[in-house]
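Side chains are part of it too, since the values below use all heavy atoms of this structure and drop only hydrogens, waters and symmetry mates.
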Amino acid sequence: MIELSADLGEAATDEERAVEREIWALIDAANVACGGHAGDEESMREAALAASRLGVVLGAHPSYPDRENFGRKSMVIDGASLSESLGQQIERLRTIAERERVKLERVKPHGALYSDAHRDRTLAELIVGAMRRVDPALAIVASDTSEMAAAARDAGTPVIREAFADRGYRADGSLVPRSEPGALLSIEEAANQAGRLVRGEMAIAFDTLCIHADMERSVDRLKAIRKRLMNPDSSLRSE
């Protein structure tokens, strides 16, 4: 079985919240925004309840403290302040989850923080350190070839290797920035990429396959990916 995961708790409108509710029922694990780029106490509580009700693994999705840019721009911030912010974000979700009798199991950095720490060992170590101060048992969700994964392994932190079905990749295994062509894959492209990943045709080792709830037609894309995973050798006709 392939674990499907999604980044959730980021909805700002009723329509977006409805999309997220559909996605919760189609995934195995969720990375939930915890205040840095999106999310508040109500959305985190709803996420914890959904995880409990549906048996979905709950993870934190902290970011640069930058709600204005949705955490998608690199941020100049001193290490101590960033470490404190990340720790507070993770702890906030963990506290809410415990209140609802749900265990927080993993942490996946969001947006620009994820991309920056893919190559920056110092930043990666800062993220791992902030996680471990909250709970040394927390696993990190990251690309297998990232500095985050390397820093986590050196610290004894479990690594959940992540691949993306709906995002384009560069040759070094990092994601194509959203500002560039090829960053966001269509329904057909995403299903085809999921098939290639499962068949081992892409040199990306993974334990969880992530999709993004905030992309257009994300539910249709996720359903197409799930269908492809049931038969990775099939082909999906253009829609």
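Partners of D14 according to the side-chain contact (heavy atoms from CB on, under 4.5 Å) rule, which considers only residues two or more places apart in sequence or in another chain, are R17.
Without hydrogens or angle criteria, R228 side chain to E188 main chain gives no donor-acceptor distance under 3.5 Å. S5 places no side-chain N or O within 3.5 Å of a backbone atom of T208 that could act as its donor or acceptor partner. A distance-only check finds no donor-acceptor pair linking the side chain of E3 to the backbone of D207 [under 3.5 Å]. In terms of modelled atom types and a separation under 3.5 Å, the side chain of R196 and the main chain of M202 share no donor-acceptor contact.
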Show, in sequence, the C-alpha distance, side-chain angles and deciding distance for E42 and R45, and conclude whether the salt bridge (charged side-chain N to carboxylate O under 4.0 Å, His left out) test is met. CA-CA 5 Å; E42 181 180 357; R45 179 176 177 273; over 6 Å; no
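Between E105 and K103 there is no salt bridge, since none of the side-chain N atoms of the basic residue sits less than 4.0 Å from a carboxylate O of the acidic one. A salt bridge links D214 with R72: the closest approach of a Lys/Arg side-chain nitrogen to an acidic carboxylate oxygen falls below 4.0 angstrom. With salt bridges taken as basic N to acidic carboxylate O contacts below 4.0 Å, one links E147 and R121.
At a cut-off of 3.5 Å, with distance as the only test, a side-chain donor of R132 or T157 sits close to an acceptor on the other residue.
With H61 as the partner, the side chain to side chain contact (heavy atoms under 4.5 Å, CB included) test is satisfied by one option alone out of E10, R106, Q89: E10.
By the 4.5 Å heavy-atom criterion applied to side chains, R170 and P177 are counted as neighbours.
Relative ring orientation between F164 and Y169 is described as tilted, the plane-to-plane angle lying within the 30° to 60° band. Relative orientation of the F70 and H37 rings is perpendicular, given thresholds of 30° and 60° on the angle between their planes.
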